[in-house]
Each structure stands twice: as structure tokens, then as C-alpha cells.
Amino acid sequence: MTVQTFATHLECSETGARYDIDRPQGLSEAGKPLLVRYDLGTLADTVSKADIATSSAPGFWRYASFLPVKEARNRVSLGEVVTPIIPLKSFGRNLTVKDEGRLPTGSFKARGLALAVSRARELGIEHLAMPTNGNAGAALAGYAAQAGLKATVFCPADTPEINIRETAAMGGTVYRVDGLINDCGKYVQQGKESQGWFDTSTLKEPYRIEGKKTMGLELAEQLDWRLPEAIFYPTGGGTGLIGMWKAFHELRELGWLEGPLPKMIAVQASGCAPIVRAWQNGARHAELWQDARTFAAGIRVPAAVGDFLILDAVRESGGWATAIDDDTIMEARDRVARQTGNLLCPEGAATFAAWEEAVGSGQISADAEAVLYNCATGLKYPLPDRAFRAEDSVTD
Ligand SMILES: *Cc1c(COP(=O)(O)O)cnc(C)c1O
């Protein structure tokens, strides 16, 4: 069955050069990410908000007309859900968290990899490979298994053990690498040349952004086609921030959005904050962050190919970039969990700390409508042992 896709071509995010969407593509000739472009005029004439509201497709597949998959049989699904927006009222009257930990494989990487794997299947690609800090590898393995494709991933040796094991459990071939994610990327590059692997690295193929774009479409629909004042996003490779910003522009061009676009706040860890440093220096590109360290593995990305796209979106939105240290992240995670019952992942907790910092410094009001992104389930991360011994409970 053919679905209605309005995707027309791919476009270099730097030069605007056009690329054929019906062939496998990586980076542009300029070495920059490719973006999917749509015939939004025809989409607007054909699809209505009501069509989306009544869609029976699971989770983000309700936005299929904003996505590049051509045939419904090529959609690879593990039962995606629309993720809830949960109020954190005891902290801020209009503060909420969008909990992406409810997605298949326990993180929002499911959105990007569902699209990348679906398009890979559609284009006849058989073997996908990527460097990963953990969650992306697990999502790749899960969706590749469902699609009957092969997945090979390279992780820094100190990647959370649970991510390494879950990836292998879902049939992915996992290698540990002495180094960081950019070192892992070199092995993928070698396998691409010698084994014919398809490189599914963040932003090095065009479809993970489209999957992450659904975070923005979904948020807009959940808020009745308006957007909050601020979005706090834990930024590693930046796919989600770039994808959401793309979603907002597409919706605005369709005339579907009411009110202004949100301020986009890129949150990093103090031990790995290349985007924050570039933001502070007024630079459009970030320099490699040496000796990157943080317990928030998902945002330990020393160099991002899409750095200029992240920085452009942050600036255009009137937002900012900020770094949070690991002690503050852990303290935030514990406090939010104790006080609200939301067990955030460290990266999600970083966005909460960034929100508190922004309220403290007057960058936003405590009552402003703000959305935090909790990118993965907190259960994937080591938790402190705070249990008592039963014997000690007996008092007489
Ligand atoms: C990948 C990841 C991030 C960063 O997301 P990007 O969109 O690639 O910047 C943040 N947190 C977690 C848990 C992740 O897995």
C-alpha cells in the first residue's frame, strides 16, 4: 500500500543543493547533513488537523504525511506511543516534562531509528552501523531486528553496561572501543568502505531528524497547535533540537500554529559542553571538546556535525545554551523523583536543573510555560543504594 508522503527531495543544510530522495544518501558533498523537503502547499490542501486527530496509526505514525516513508508496509514499528506531558506543579505552575522514556527501547532514540530503519528497508539497505553512547545503539538493534536487517554498533568502553547488553540482546553486534564516540565513528567509516555498511550515525543520514521531528509535531498537537514559551532540550548530537525546530517551521508554513515559537534552550553537561562554548563565543561551529566526561552518557558528544544547525536554531528562537555539572544533575534527579515520582534520566534531570537556573537568574519567569524533555527512562541508569536492613526496622 502506498501512503501519502509529500516528501520531494533532500537538500544540503548548508548549500541548499538538491539530492535524490529515492537513493540511499549520507552527508552532502559539502560534508553537511541533508534535510528532507516536502511539498507543503499540496500537504496543506490535502491533509487537515482533523485527519491527524482521527488517525488510527500508533504514536508518531499519525504524522505519516509529514514523514518520508512511501509505503505503509515499510514502516517498522515496535508499538510507539504518544508520550505524556506530565505537570511538575510543585516546582513551577506551568512546568511540565514530556516523558520520552515510555517509547520502545526506553528512549526517544526510538523515534529517529524507527524512521531511519524504515527508510533503509524501503531503499534496500541491509546492514546498518553506528557509533553510539548507548540508547541509539539499542534503538537501532531493536528496529533492525523487527525489520530483518543487520545492525553493528561501536560504543565507548565505559558506555552504560545496560545499553551494551540490551543492544546485544536484540541481535545487534556490539564492539567496545577505547575512546569516545568520535573514535567509534572511525570504525564505522572503515566498515562502510570495506563491508558496505550503511552509516546511521547522528545526522549522517537524513531520516533520524525526521523521526525526532515528530517530538515537535506531537507537542504542538498535544497543546492544541500552540507551543510553550520555552523548551529545555538535553543536547548531544542535537538531532532532537534540530528536528523540533524543523517541525515548528513546517507547521508555521502550513499556517497550523498559533502564537510565537518557543525559546529553544540547549542543555549540556559541564564536562562536555562544546555547543555552550560556541554559543558563548558567538561562533557558528563548535570546536572538539577534549577529555569529555559526564555521567549523562547521552549528551557526551564532543563534536557534532550539525553544530551550526543547533546554534542557528537556538539563536533564531531567542534561546540560549547552558551547561550543568554532574553533581547538580544527580541532585536534581533525586529531588524531582522524591518530590514528584518522576524518575528522570540524568540528561532529563539536566534540563530541570537548567530550568531552575533560568528561573533563578530571571531568564524566564517561574510561571512561564516550559517543557523539559526527559529523553530516556531513569531505570536504565545506576541508582544509589538507599535501602535499610530489615533487622534495623524492628524497634521496641
Ligand atoms: C541521544 C540522547 C540525548 C541527546 O539527543 P540528541 O537529539 O542526539 O542531541 C540525550 N539524552 C539521552 C538519554 C540520549 O540517549
Side-chain angles (χ1 to χ4, degrees), residues 83 86 88 95-103 105-113 132-139 155-156 158-163 166 180-181 202 208 212 215 219 230-244 264-276 289 292-302 304 306 310 314 319 321-337 340 342-358 370-384:
T83 62
I86 305 163
L88 296 178
L95 177 66
T96 57
V97 57
K98 190 155 166 64
D99 187 10
E100 298 279 302
R102 321 279 178 114
L103 286 162
T105 72
S107 85
F108 63 12
K109 290 295 192 301
R111 294 183 188 265
L113 273 310
T132 175
N133 280 322
N135 287 321
C155 311
D158 59 352
T159 296
E161 198 55 33
I162 185 77
N163 292 134
E166 64 177 325
L180 290 172
I181 191 159
T202 303
R208 285 176 62 185
K212 284 273 193 91
M215 282 194 292
L219 181 68
I231 291 179
F232 289 80
Y233 188 79
T235 306
T239 335
L241 196 148
I242 298 165
M244 275 196 274
M264 303 298 285
I265 295 117
V267 182
Q268 298 202 298
S270 308
C272 182
I275 299 296
V276 178
W289 188 275
R293 264 174 237 271
T294 168
F295 142 85
I299 51 178
R300 196 176 58 166
V301 180
I310 303 170
V314 168
T322 186
I324 309 291
D325 66 66
D326 278 15
D327 288 346
T328 307
I329 292 175
M330 272 189 257
E331 190 279 324
R333 177 187 70 179
D334 292 356
R335 197 152 39 90
V336 173
T340 75
N342 289 283
L343 184 55
L344 305 178
C345 63
E347 299 83 352
T351 67
F352 175 80
W355 173 81
E356 279 194 322
E357 176 192 76
V371 178
L372 312 178
Y373 271 80
N374 185 51
C375 24
T377 166
L379 295 174
K380 284 201 188 197
Y381 297 79
L383 293 168

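- Between Asp158 and Arg300 the shortest side-chain heavy-atom distance falls below 4.5 Å.
- Judged by distance alone, the side chain of Ser270 and the main-chain N or O of Ile324 form a donor-acceptor pair under 3.5 Å.
- Pairing each heavy atom of Thr132 with each of Gly137, the nearest pair is OG1-N, 3.1 Å.
- Counting heavy atoms from C-beta outward, Tyr381 and Glu347 have side chains that approach closer than 4.5 Å.
- A heavy-atom distance below 4.5 Å is not found between the side chains of Met264 and Tyr233.
- When every heavy atom of Val267 is checked against every heavy atom of Ala354, the shortest pair comes out as CG2-CB, 3.6 Å.
- Contact detail for Ala349 and Ile329: the closest heavy-atom pair is CB-O, 3.6 Å.
- Taking all atoms of both residues into account, the shortest heavy-atom contact from Val301 to Ile181 is CA-CG2, 4.3 Å.
- Side-chain contact between Val97 and Val336: absent, with no pair of heavy atoms (C-beta onward) separated by less than 4.5 Å.
- One finds the CG atom of Leu241 at 8.5 Å from the CE atom of Met215 (value rounded to the nearest 0.5 Å).
- You'll find the side chain of Lys380 reaches within 4.5 Å of the side chain of Asn135, heavy atoms only.
- Between atom CG of residue Leu103 and atom CG of residue Leu113 there is a gap of 12.0 Å, rounded to the nearest 0.5 Å.
- Taking 4.5 Å as the limit, some side-chain heavy atom of Pro384 sits within range of a side-chain heavy atom of Arg333.
- Of all non-hydrogen atoms in Ile310 and Gly238, the two that sit nearest each other are CD1-CA, 3.6 Å.
- Between Leu344 atom CG and Asp334 atom CG the span is 10.5 Å, to the nearest 0.5 Å.
- A pairwise comparison of heavy atoms in Asp326 and Ala269 identifies OD1-CB, 4.3 Å as the closest pair.
- Residues Val276 and Trp289 fail the side-chain proximity criterion, which asks for heavy atoms closer than 4.5 Å.
- One distance of note links CZ of Arg208 with CZ of Arg111; it measures 14.0 Å at 0.5 Å rounding.
- Here the OG1-CD1 distance, from Thr202 to Ile242, works out to 9.5 Å after rounding to the nearest 0.5 Å.
- Under the 3.5 Å distance criterion, with hydrogens and angles disregarded, no donor-acceptor pair is assigned to the side chains of Thr235 and Gln268.
- With contacts defined as side-chain heavy-atom distances shorter than 4.5 Å, the pair Thr340/Ile86 does not qualify.
- Atom-to-atom distance recorded for Phe232:CZ and Ile265:CD1 is 4.0 Å, nearest 0.5 angstrom.
- Residue Asn374 is tested with Asn342, Asp99, Thr83 for a side chain to side chain donor-acceptor pair (under 3.5 Å); the sole match is Asp99.
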